[in-house]
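Here the structure is a predicted model, which means the values were calculated and not measured. Throughout, a chain's letter reflects where its sequence line sits, starting with A, and its residues are numbered from 1.
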Amino acid sequence: MSLDFYSIEAKWRKAWYDARINESEPRPGKKKFFMIFAYPGVTGYMTVGHMRGYSVSDAIVRYKKMTGHEVLFPVGTHATGNGAISFARKIERGEQYTIESLKANGVSEEQISKMTDPMEVIKFFNQVYVNEYWKRFGFLSDWRRFTCTIWPDYSRFIEWQMKKLMAAGLLIQRPYYAPACVEHGPVAIDPSETDISKGGNAETLEYSLLKFEFEDGRKLVAATLRPETVFGLTNFWVNPEVEYVDVQVGGEIWVMSRPASDKLKFQKDGIVVKGSADGASLMGKRCKAPFTGKMIPIFPSALCDPNVGSGLVMSVPSDAPVDWIGLVELRRDKAALERFGITDEMIEGASPIPIIDTPGWGPLPAVEITEKMGIDSLSDPRLEDATKEVYKTGFHTGTMNSACGEFAGQHVEQAKDSIRTAMLESGQADLFYDLSEEVLCRCGNKVVVKRIPDQWFIDYANPGLTARSKEHALTMKILPTEYHENIQSVLEWYKERACVRLGNWLGTRFPFDKRWIIEAIADSTLYPAYYVVSKYVNDGSLKPDGMTEEFFDYVFLGKGDGASVSKATGVPLVVLDRVKSDFEYWYPLDINLGGKEHMTVHFPVFLMNHVAVLRPQHWPRGIMVNWYITSAAGKISKSKGGAQPIPATAKRFGVDAMRLFYAHVASLFVDVAWEDEKVDGYKDRLERIWSLVNELKEAPEDAPSAVDRWLDARMESRLGQLHESMEDYDLRSYTNTVYFEIPQDLRWYGRRGGRNRATMLRALETWVPLMAPVTPHFAEELWQELGKRPFVSVEQIRPADITEKVRLEEAKERLVGRLVEDISEIAKVTEMKPKKVFVMTSPRWKMEVRRMALEQTGKADASALIKAAMPKVPADARRDVPGYVKDLLSDVSKASAADRDNMSLDFDEAATIADAKPFLSSEFGCDFDVVPADDPNRTDPKGKARFARPGRPAVYME
RNA sequence: GCGAGGGUAGCCAAGCCCGGUCAAAGGCGACAGACUCAAGAUCUGUUCUCGCAGGAGUCCCCCGGUUCAAAUCCGGGCCCUCGCACCA
């Protein structure tokens, strides 16, 4: 039979939303549970991978709802930044891929043409996310609370947050260097290239600009990423073919390439370009190195690119392969030597000077690596690899050697900072920022690094804030547990973070300076609180105008009195107090679930902003991280998986099969590849369960037997296991039990001859609700089949009651199961088909001795136990005692606490097995004879009885 | 480089925090049997090696250590994936 999942899903989600079981209202006195997943950025269609975290969230929320909690599970979207602008521009430019993908999703031409407007893009995808993804997946989310970060009311909230941060002294200003178009101002450099037409992968590099004094007092400035190598300077490189300029900077004249001076203008005030200087005129002369004061010769090099750094380069041939090869080539280039009057002695004088001890390298790594790789020309492309290799190991593992004065013995990383700082402070160096590759604005102009003198930052380095956040994080439920530990160091590492920016962005204006727009991370950290408010905005009872600082102070911080706040804001007192009490009911947030990319970005600031702004009782309680569903596509084809649109995939496999896939395929904390076959497997699984349930519910009335008692007990202990799994929101373990182990229990029940209708129904009534969190539509359909109303989704899953009786029933069945295994094993090994099986249980005294062994405390003492046991053992069995005790103690020592509990259960094994005789006979197709060991008239073929142990009766078959 | 995660039987994947219940859950695949005219579906069993009595041997990336005992703890190594800040 094939179930029509598509219509089942449509039916139930409509029924839920019509009945509004997804809506959340405070129920004072009732436990609450408030969960969100990190809202997605509005950047286009999502893939099936994104639904993983979302589906897991809904399952957790549904479980909580079914275990006595009033739940709040709101959703929203994040549209701050340039995602929507970028998308709109792609439409505007007529980018085929984007337009085709919209068409493939059934979007009309008319709608597409509207989407050249970013706001339309946002409107469109907001609707897609809610209707085609979240509602389609049956989420019990309170849709009335939907919010989007660029809505005016949301902005009021963000303004308030910034004011609170300011009041707490956490907003600070300092200079910052950011990429900007010379014409259009700030641009974003990112691979999607919204603002730019070239260079999406460029990085901003921070160069140290070292000043080398020339004979006439001018400073030749060399840009370097490794200022600590000043100790190894041997010469200076100048490109004789390049035009250099004299630049007035303060009271100094700097020499650099013209492009460098153009860039510098954006980074320093009061720069005046005085005139050009000929590179060739410097050649063969000397300049004075900063810091060491050493006089070094100036040599020609074609490698000085006027567009990189300052166009002048200092030469450290010991550690820079390029510099070393430069010298090698120069020595060969007799024409150049002659032209510039450079003598062999001068080059000799520029021999490499060892400055860094690097494990695994000799004193001159640059020389060593070029020789090893056989590089002897500047045109060799491998020179770049050589540079990287030397740089990497030297920088991270090296220490400065004795040539480095007071820095000798320091790690290179550390020395770099110290030396740079020292040179900056003494005026021998400056800083210069440049991009790692050419970046062009959409207008075609160059993008440069521009100094922003008054950039605002949130001071996440604030020691008090950091300390309180770290301390609070320890009390939180953070999963996986590795992250619980690790977030401590993330919080420690977190420094100031720019929180506003200029340029072409969507978002909230900075309340203290409207030129700035609040940046995308800064406006998405405290927002779970806002879902309490958004509902009242969406239903019209709150207007953005009334949402002032006082308003939020009152509802979130309990400041002021209602009457005067109401008066000042124009918000009716009832509404005001309603929002406030809602907030106090729902907050704090119980879980924030987000993808692993948030671990070093969103989660720490989410936590710190709560700590900075809200009162301690409202700080978040939990964080959960999900890893990704990756696409297996790469290997075969794009259409293979992962990239397929969500609605079509949902139609093909069914939403519940997908939800089960997400929950069960792997732990949430590892990446897993999407595979159609796997999802199909889960669909099959649901269909199998469907037929199993339908078969079972038709069970006839029958007198209950031992196996009925067992099934009741089994369901009880499964229930216990499930609640335990959910303590850590371990949905994988949960689904494994519900969808795989319970069906096995039920089949075993049938195999064991169970056919009691009442027992069956009891089991089903326990089981079906357990499926509701993960496969809710499917569970509803089953619930209806069982004649239940209205929704399984609002049923309660009761706590488990694991009594002594439950454990006893399970132990009895374990005995039977174990016996079946043993008999099969013997039959297999001996290759016999038994005609008759004798089962001989262990004598009382073995039970007694086991009890004594369990009671033994401390180190197992075999001889003491044997002595103590002897009096209880019948004379003719005493010779068996030592061997038995030896085995017993080894079992006991290996046993866990639970095992020991089980071992201590005492029941009549012979009676239990006798009870199962009809089952055993039909399993093995032969007669069974159960022989209690203590029966004086027992038969004991081949003397096997003495091998019986509690839980492992002796078996003889013929 | 820094930070994080990972490497488990044919494949996917639990277990590792809290060592012994682990030859290691579950799924897929494969093989055998049942049902069936047949196929499919479903159900049952098997699926590291050896074993004519329920047992033994070897095993969880590699090497070493701790321990009565290691997939699990510690040290070292090899390999893979991801994040690193103004991109959400």
Side-chain angles (χ1 to χ4, degrees), chain A residues 1-2 38-43 78-83 86 176 178-179 186 188-192 194 200 204 391-393 395-397 413 455 457 480-483 485-486 489-490 493-501 505 519-522 524 596-602 605 625 627-628 630 664-667 669-673 675 677-678 680-682 684-685 687-688 691-692 695 730 732-733 735-737 739-741 744 747 750-751 818-819 821-832 890-891 893-900 902 923 942 944 947 952 954-957:
Chain A
M1 174 189 354
S2 190
Y39 49 21
V42 183
T43 50
H78 186 255
T80 307
N82 66 359
S86 169
Y176 182 70
I189 295 185
D190 66 276
S192 73
T194 309
T204 302
Y391 182 98
K392 201 167 73 178
T393 49
F395 184 70
H396 295 286
T397 65
E413 284 190 75
Q455 172 71 47
F457 292 80
T481 47
E482 288 82 356
Y483 186 48
E485 275 173 47
N486 181 243
S489 39
V490 176
W493 159 85
Y494 229 96
K495 294 185 298 221
E496 302 85 358
R497 188 182 170 97
C499 62
V500 292
R501 57 168 306 145
W505 292 80
E519 175 275 334
I521 301 296
S524 50
K596 62 178 176 179
E597 78 276 20
H598 294 307
M599 287 197 289
T600 51
V601 184
H602 171 252
V605 292
V625 186
W627 267 241
Y628 305 144
T630 57
H664 185 263
V665 69
S667 140
F669 314 129
V670 296
D671 290 331
V672 68
E675 283 172 45
E677 304 75 52
K678 282 187 189 166
D680 260 331
Y682 287 104
D684 284 352
R685 169 63 47 173
E687 291 186 342
R688 272 194 252 176
S691 12
L692 180 64
E695 192 183 306
D730 184 352
R732 182 169 209 280
S733 155
T735 47
N736 201 244
T737 305
Y739 298 87
F740 295 93
E741 289 172 352
Q744 269 176 20
R747 279 191 214 104
R751 190 173 156 199
R818 184 74 219 229
L819 181 60
E821 276 174 34
D822 277 352
I823 296 172
S824 311
E825 175 80 7
I826 296 167
K828 184 184 153 200
V829 172
T830 58
E831 291 175 349
M832 57 193 279
S890 125
D891 286 352
S893 74
K894 285 183 193 166
S896 64
D899 287 339
R900 296 171 71 99
N902 287 331
E923 279 292 299
K942 299 265 165 124
K944 290 279 179 194
F947 297 112
R952 300 286 301 273
V955 172
Y956 173 74
M957 61 168 73

Worksheet, complete the sentence: With the side chain defined as heavy atoms from C-beta on, A:Trp627 is closest, among B:C17, B:G5, B:A25, to B:G5
Discussion item. Looking at A:Tyr483, I'd like to know whether one of its side-chain N or O atoms comes within less than 4.0 Å of OP1 or OP2 on B:A4.
Written reply: no
Item to complete: Just compare B:C86, B:A14, B:A13 and give me whichever is closest to any side-chain atom of A:Glu519.
Response: B:C86
Fill in: N/O donor-acceptor pair under 3.5 Å between A:Asn82 side chain and A:Trp505 backbone
no
Fill in: Same-atom distance (P) from B:U44 to B:G54, integer angstrom
28 Å
Fill in: Separation of the P atoms in B:A69 and B:C80, to the nearest angstrom
35 Å
Fill in: A:Arg747 side-chain N/O to B:G45 phosphate OP1/OP2 under 4.0 Å
no
Worksheet item: When rounded to the nearest Å, what value does the distance between P atoms of B:C61 and B:C11 take?
Response: 13 Å
Item to complete: Let me know the distance between NE2 of A:His664 and P of B:G15, rounded to the nearest Å.
Response: 12 Å
Worksheet, complete the sentence: Applying the 3.5 Å cut-off to both distances, the Watson-Crick or G-U partner of B:G54 turns out to be none
Discussion item. Please classify the nucleic acid contact of A:Ser489 as base, sugar-phosphate, or nothing, using heavy-atom distances under 4.0 Å.
Written reply: nothing
Discussion item. Are A:Phe457 and A:Lys495 packed together at the side-chain level, in the sense that at least one heavy-atom pair is separated by less than 4.5 angstrom?
Written reply: no
Discussion item. Applying a 4.0 Å non-hydrogen cut-off, can you work out what A:Val665 is touching in the nucleic acid: base, sugar-phosphate, or nothing?
Written reply: sugar-phosphate
Discussion item. Distance check needed: B:U42 C1' versus A:Asp684 CG, whole Å only.
Written reply: 11 Å
Discussion item. Of the options B:C86, B:G6, B:C17, whose atoms approach the side-chain atoms of A:Thr481 most closely?
Written reply: B:C17
Worksheet item: Under a 3.5 Å cut-off for both distances, is B:G40 Watson-Crick or wobble paired, and to whom?
Response: none
Worksheet item: Between A:Glu677 (CD) and B:A13 (P), how many Å, whole number?
Response: 14 Å
Item to complete: Please list, chain by chain and in numerical order, all residues satisfying side chain to side chain donor-acceptor pair (under 3.5 Å) with A:Glu821, sequence neighbours excluded.
Response: none
Discussion item. Please give the distance between the C1' atoms of B:C62 and B:U8 as a whole number of Å.
Written reply: 15 Å
Worksheet item: What nucleotide among B:C86, B:U81, B:G6 has an atom nearest to a side-chain atom of A:Asp671?
Response: B:U81
Worksheet item: Partner of B:A30 by Watson-Crick or G-U wobble geometry, both contacts under 3.5 Å, or none?
Response: B:U46
Worksheet, complete the sentence: In terms of heavy-atom contacts, A:Met599 and A:Val490 come closest through O-CG1, 3.9 Å
Practice prompt. In whole angstrom, give me the gap between the P atoms of B:A14 and B:G5.
Written response: 15 Å
Response to the item:
The residue, A:Asp730 or A:Thr80, whose nearest nucleotide of RNA chain B is more 5′ is A:Asp730
Fill in: Under 3.5 Å on both distances, the Watson-Crick or G-U partner of B:G83
B:C2
Discussion item. Is there a side-chain contact between A:Arg688 and the phosphate of B:U42, meaning an N or O under 4.0 Å from OP1 or OP2?
Written reply: yes
Discussion item. Donor-acceptor check, side chain of A:Gln455 to backbone of A:Val500, threshold 3.5 angstrom: yes or no?
Written reply: yes
Response to the item:
Winner on side-chain proximity to A:Val601, out of B:C87, B:U44, B:G27, is B:C87
Item to complete: Give one of base, sugar-phosphate or nothing for A:Gly681, where a contact means two heavy atoms less than 4.0 Å apart.
Response: nothing
Worksheet item: NA contact type, A:Tyr682, heavy-atom cut-off 4.0 Å: base, sugar-phosphate, or nothing?
Response: nothing
Practice prompt. For residues A:Thr80 and A:Ala520, report the shortest heavy-atom separation together with the two atoms involved.
Written response: CG2-CA, 3.7 Å
Worksheet, complete the sentence: Side-chain atoms of A:Trp493 come closest, of B:C17, B:C84, B:C12, to B:C84
Worksheet item: Can you tell me how far CD of A:Gln744 sits from CG of A:Leu692, rounded to the nearest 0.5 angstrom?
Response: 11.5 Å
Worksheet item: Separation of A:Lys596 atom NZ from B:G6 atom P, in whole Å?
Response: 11 Å
Protein-nucleotides 48-56 of chain B N/O pairs under 3.5 Å:
unit_1 : atom_1 : unit_2   : atom_2 : d
B:G51  : N1     : A:Glu825 : OE2    : 3.4
B:C52  : O4'    : A:Val829 : O      : 3.1
B:A53  : N6     : A:Met957 : O      : 2.8
B:A53  : N1     : A:Met957 : N      : 3.2
B:G54  : O2'    : A:Asp822 : OD1    : 3.1
B:G54  : O6     : A:Val955 : N      : 3.4
B:G54  : N1     : A:Pro953 : O      : 3.3
B:G54  : N2     : A:Asp822 : OD2    : 2.6
B:G54  : N2     : A:Pro953 : O      : 2.9
B:G54  : N3     : A:Asp822 : OD2    : 3.3
B:G55  : OP1    : A:Arg952 : NH2    : 3.3

Worksheet item: A:Arg685 has an atom CZ; how far is it from atom P of B:A41, in whole Å?
Response: 14 Å
Worksheet item: Starting at the 5' end of RNA chain B, which residue's closest nucleotide do you reach first, A:Ala666 or A:Ala79?
Response: A:Ala666
Practice prompt. Kindly say whether the aromatic ring centers of A:Tyr483 and A:Phe669 come within a distance under 6.0 Å.
Written response: no
Worksheet item: For A:Lys495, which contact category applies under a 4.0 Å heavy-atom criterion: base, sugar-phosphate, or nothing?
Response: base
Discussion item. Could you tell me how far apart A:Asp680 (CG) and B:C28 (P) are, to the nearest whole angstrom?
Written reply: 12 Å
Worksheet item: What nucleic acid atoms does A:Ala498 come within less than 4.0 Å of, heavy atoms only: base, sugar-phosphate, or nothing?
Response: base
Worksheet entry | Rounded interatomic separation in angstrom, taking CG from A:Asn736 and P from B:A25 | 12 Å
Worksheet item: Considering all heavy atoms of both residues, which atom of A:Lys596 and which atom of A:Val625 are nearest to each other, and what is their separation?
Response: CA-CG1, 3.4 Å
Fill in: From CA spacing to verdict: side chain to side chain donor-acceptor pair (under 3.5 Å), A:Tyr739, A:His664
CA-CA 9 Å; A:Tyr739 298 87; A:His664 185 263; over 6 Å; no
Worksheet entry | Short N-O contact, A:Asp822 and A:Arg818, less than 4.0 angstrom | yes
Discussion item. Given B:G83, B:A25, B:C86, identify the nucleotide with an atom nearest to the side chain of A:Arg501.
Written reply: B:C86
Discussion item. Heavy atoms from C-beta onward define the side chain here; which of B:A85, B:C28, B:C86 lies closest to that of A:Tyr494?
Written reply: B:A85
Worksheet item: In the structure shown, which nucleotide is the Watson-Crick or G-U wobble counterpart of B:U66, with both distances under 3.5 Å?
Response: none
Fill in: A:Arg732 CZ - B:A14 C1' separation (whole Å)
5 Å
Worksheet item: In terms of side-chain heavy atoms of A:Arg751, which of B:A85, B:U44, B:A14 is nearest?
Response: B:U44
Item to complete: Please state the P separation for the pair B:G51 and B:C43 - nearest whole angstrom.
Response: 33 Å
Practice prompt. Please measure how far the P atom in B:U66 lies from the corresponding atom in B:G15, and state the result in whole Å.
Written response: 29 Å
Fill in: Between B:A25 and B:A9 - C1' atom distance, rounded Å
13 Å
